[in-house]
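What follows is a set of notes on a single structure, which appears directly below.
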Amino acid sequence: MILLLIVIAYSKEEHILKFNEKGKFKIIQLTDLHLSDGDELDKSTLDVIRKLIDYEKPDFAAVTGDLVSGYNWNNTEGWYEKFYL
């Protein structure tokens, strides 16, 4: 949930993508995170992601692949709201 809020917050701001003074442009790609239901493993994963982004300071971050696992899906509409909104 925290990662989604970060993405939403940054998506509302206007950013210009450009190379730095050394001609570099750093991209970080996070893929197939398979977050499940907000348990301790999810919290650890999000903590590692925060630390990685703070350390690498990428110019652009892309989240691709399967963000959520859906292990808790119970075949009802809106099941995800409890876990992801």
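Note that the structure is a prediction, hence the values are computed from the model and not measured.
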side-chain contact (heavy atoms from CB on, under 4.5 Å) between Leu30 and Ile49, intermediate numbers included: CA-CA 8 Å; Leu30 305 167; Ile49 291 169; 3.7 Å; yes
Lys26 side chain near Glu56 side chain, heavy-atom distance below 4.5 Å: yes
Minimum side-chain heavy-atom gap Ile53-Pro58 below 4.5 Å: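 Of all side-chain heavy-atom pairs linking Pro58 with Ile53, at least one is under 4.5 Å.
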Crowding at CZ, Phe25 (>12 non-hydrogen neighbours, <6.0 Å):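 Above 12, so yes.
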Gln29 versus Thr64, closest heavy-atom pair with distance: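 Closest heavy-atom pair between Gln29 and Thr64: NE2-OG1, 2.8 Å.
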Single-linkage hydrophobic cluster Tyr55~Ile28, side-chain heavy atoms < 4.5 angstrom: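 They do not share one cluster, since no chain of ILVMFWY contacts under 4.5 Å joins Tyr55 to Ile28.
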Within one Ile-Leu-Val-Met-Phe-Trp-Tyr cluster: Leu52 and Leu46, side-chain cutoff 4.5 Å: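 Yes, Leu52 connects to Leu46 through the hydrophobic network.
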From Thr45 atom OG1 to Glu40 atom CD, the distance as rounded to the nearest 0.5 Å: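 Between atom OG1 of Thr45 and atom CD of Glu40 there are 11.0 Å.
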Under the salt bridge (charged side-chain N to carboxylate O under 4.0 Å, His left out) test, residues paired with Asp47 that sit two or more places apart: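 Here the qualifying residues are Lys51.
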